[in-house]
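Below is one structure, written out as structure tokens, with a few remarks after it.
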Number of protein chains: 2
Amino acid sequence: MPTIYDVAKACGVAPSTVSRAFSRPGRVNAETAARIRKVAEEIGYRANPLARALPTGKTSLLALVVSDVTNPFYFEIIRGAELAANAADYTLLVADVYESAAVERKALERALPLVEGVVLGTSRMSDSAIRVMAQQRPTVVLNRVLTGIPSVITDNARGTRRAMEHLVDLEHRSIGYVAGPEASWADGMRWRAMRDAAEALDVRVQRFGPVAPTLVGGTGVAPVVADSAVTAVVAYNDLVAIGLMRGLAAVGVRVPRDVSVVGFDNIFGAELCSPALTTVAAPLAALGRYAVQTLLAGMASRTPPQVRPALLPAELVIRESTARRARRRRSVAAS
Amino acid sequence: MPTIYDVAKACGVAPSTVSRAFSRPGRVNAETAARIRKVAEEIGYRANPLARALPTGKTSLLALVVSDVTNPFYFEIIRGAELAANAADYTLLVADVYESAAVERKALERALPLVEGVVLGTSRMSDSAIRVMAQQRPTVVLNRVLTGIPSVITDNARGTRRAMEHLVDLEHRSIGYVAGPEASWADGMRWRAMRDAAEALDVRVQRFGPVAPTLVGGTGVAPVVADSAVTAVVAYNDLVAIGLMRGLAAVGVRVPRDVSVVGFDNIFGAELCSPALTTVAAPLAALGRYAVQTLLAGMASRTPPQVRPALLPAELVIRESTARRARRRRSVAAS
DNA sequence: CAAGTCATGGCAATCGATTGCCATTGGGGT
DNA sequence: ACCCCAATGGCAATCGATTGCCATGACTTG
């Protein structure tokens, strides 16, 4: 691989001039710069990003930490983040942490010295641990709010409210919530929003779980939900909702005829399942894109940027898993 | 951040000794090394991977290039690859190229100087372009065979054969294939395997498409398939298969009653859709894991490793989208 | 006892690009 | 004619770890 020294020799100038010809437009005479560029092109010079990064610290790498890459929730987020990163000439490094705070810590330890900034997607770390790492590198948090650290979140309150209104429109008066992981900030928000909405709309809510944010998590609570008095259920996320529907089917409860089900996020698969899932759609690609843009903006400006979390709108996508409440309570099937 | 110089000073030894204490076990007196390690621990020294990489070229980074991160096909592959990479103390850099050879080239250009090796997942580049890049960095190719370059593939021939046998068992005698992208190596393999199997089993096959490897790709050919004489269809992949089922439903063709559908890969969603999809399951996580392991093995050994492509077994997962052929041909619905 | 061997640690060059500072030159202002 | 300044290019230090080579001293061995 040719270096600036090779280019410099071929041009009869000093290496520093070659360097400036590329990174300091205007600092070098236009003709000289043009000549250097031409020669560099000819001998196939490419700047070595490692060598550049050593003195400057600019690696052009950004980390996106996701709690589970196999969770379809992240696909569009990753895509959005990567697009935004590439647009700014950055490369995105996706780290998967398998829903484990310990692995997350280790992954960050590995990646942190390499990257210029970090986007934490649904982190499972403690607030204080996040604050510690935010001191080392510019950080943006997804789906969680920490005062003093820029964050990008979905408007869960509004989305939850919409879902509740929808269910109430369908005459449901007793609504369940299947909770996700305790450590999930979004879970807390959703449950709180449900209770607020329930009060405002004058209906009863009941909490189930917590369960793992997976299909089997949803399947697992199905019997409990089936035995309860609720006629509609809002699940922590789509995966849980879909698992729940299958679990309900297994114990003879029909969706939406006996019980309506609403999910969160509108992941790939939400419209594939049967019945197609009514869900509060998160603006996934926008979330990823905006997080990266916020991060880059923060890196560019000297001063720490906005502290107000960015609130991206969620909207209710109505499909087939919700329906008007049956006149009579279903008879409970075998458990 | 403390450096080896800080540690050296604190220990009263030379920086080179500190370096060796970490990277050359045995080269330094055991007591000295222990002391250095202790002091390093105390002042919180962490080796700077950038500085290490500059002289040695060892960045501990591996690239995995995927044609589309939002394609569920890759989730488990990424997971498998990342696990294998982390186990060897490498970090995986996932690059998304949106099904475009041009973007792939650009992404590689960006990432190549940073990584020690590359896994190409379903690359859309030409053979020659891949060979050029394989000269720059150790490379392993997924789902494609290039002589001289290590590759890891699914046993498409056997998998296709199983699918055909299954359909023939169900008395289908006229079977369609919905082709994927022309540039896809797997597509060629599958179509070839279909014809071979058709000959061996004495049934007719008909090719449709090619279509984009997406839901809409599948939906789009549905009318053509509906108008044809086939009673069963094998689709390029699960996405196309699911799209096809929806498209068929839209024109009044019932799956599996009127037409049986088989997919490829067994992605997330294949068992969620309705009817649940019968599909040739690719060993996704194993594919990712094995590709990275092969890459690392090739990097470790001086000599270029095995040239025989590694063939990972596929198996047929029978669900609800295939059924015995109806006695009479269906009546064709509106188009 | 002299010579050779081994263990251990230090010196200094190196990877490739960046950048603060200085030297040179030519032009403009007065 | 003199001074000053802007434009331009070069010198050399720097980022932090690695590593070939050499120096020292201890120990072995004939």
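Because only heavy atoms are used, hydrogens play no part in the values below, and waters and symmetry mates are left out as well, while side chains stay in. First the proteins, then the strands, lettered A, B, ... as listed; each starts at 1.
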Are [X] and [N] close enough that a side-chain N or O sits under 4.0 Å from OP1 or OP2?
X: B:Tyr5; N: C:dG10; result: no
X: B:Arg52; N: D:dG16; result: no
X: B:Ser19; N: D:dT18; result: yes
X: A:Ser16; N: C:dT19; result: no
X: A:Thr56; N: C:dT18; result: no
X: A:Thr32; N: D:dG9; result: yes

- request: Report the residue from A:Asp96, A:Asp68, A:Thr122 that forms a side chain to side chain donor-acceptor pair (under 3.5 Å) with A:Tyr74.
  value: A:Thr122
Classify the side chain of [X] versus the base of [N] as yes if they form a donor-acceptor pair under 3.5 Å and no if they do not.
X: B:Arg24; N: D:dG20; answer: no
X: B:Arg46; N: D:dG16; answer: no
X: A:Arg27; N: C:dG20; answer: no

task: For the pair B:Arg52 (side chain) and B:Ala47 (backbone), establish whether a donor and an acceptor sit closer than 3.5 Å, ignoring hydrogens and angles.
output: no
message: Please classify the nucleic acid contact of B:Thr3 as base, sugar-phosphate, or nothing, using heavy-atom distances under 4.0 Å.
response: sugar-phosphate
query: Salt bridge check: are A:Glu31 and A:Arg35 linked by an N-O gap of less than 4.0 Å?
result: no
